[in-house]
Amino acid sequence: MLKARNMLGVGVAAAAALTLVQAPAAHAATKTLWAEESVRIRASATTSSTALGLMPKGASGAGWVTKTGAYSRYFGGAHNACGSRGYIKYNEWNKVTYRGITGYVPSSCMLPFKP
């Protein structure tokens, strides 16, 4: 019986250690961003990637920020959305979370203040 208990103790300790190893990573720092126009949230920073959802005009989401508090910029596929007005090709994207969906939106479509 003592041998079985020791084995059980080892199993519990191993499970506890495994749980600590699998703990979720800390959540990234965010600041609010607002959509200047309705914009699709994409799986990656390109217009050819899967659309995960739609962020309507005026909606707010959590924009990911750097350690210094600046909005994180991701460089990906060129787009002519929102601020580019169709004649300038931008390739900067923001990573945002809106209603549980995390993905990328063209940075020219996002504002750091409520429109």
Backbone of [Y] reached by a side-chain donor or acceptor of [X] within 3.5 Å:
{"X": "N94", "Y": "S72", "answer": "yes"}
{"X": "K31", "Y": "G69", "answer": "yes"}
{"X": "W93", "Y": "G77", "answer": "yes"}

[X] versus [Y], closest heavy-atom pair with distance:
{"X": "E92", "Y": "H79", "value": "O-NE2, 3.3 Å"}
{"X": "W64", "Y": "T102", "value": "CZ2-CG2, 3.9 Å"}
{"X": "G63", "Y": "V96", "value": "CA-CG1, 4.1 Å"}
{"X": "S108", "Y": "E36", "value": "O-OE1, 3.2 Å"}

Would you give the length of the straight line joining atom [atom1] of [X] to atom [atom2] of [Y], rounded to the nearest 0.5 angstrom?
{"X": "I41", "Y": "Y104", "atom1": "CD1", "atom2": "OH", "value": "12.5 Å"}
{"X": "T97", "Y": "L33", "atom1": "OG1", "atom2": "CG", "value": "10.5 Å"}
{"X": "R42", "Y": "I101", "atom1": "CZ", "atom2": "CD1", "value": "12.5 Å"}
{"X": "F75", "Y": "N91", "atom1": "CZ", "atom2": "CG", "value": "6.0 Å"}

Next on the checklist: Membership question, hydrophobic clusters at under 4.5 Å side-chain separation (ILVMFWY): are V105 and V65 in the same one?
Outcome noted: yes
Checklist entry - Side-chain heavy atoms under 4.5 angstrom apart, residues restricted to Ile, Leu, Val, Met, Phe, Trp, Tyr: same cluster for Y98 and Y71? => result yes
What donor-acceptor contacts under 3.5 angstrom involve side-chain atoms of residues 49-59, with partners at least two apart or in another chain?
from : atom 1 : to  : atom 2 : distance (Å)
S49  : OG     : S44 : N      : 3.3
S49  : OG     : S44 : O      : 3.1
S49  : OG     : T46 : O      : 2.9

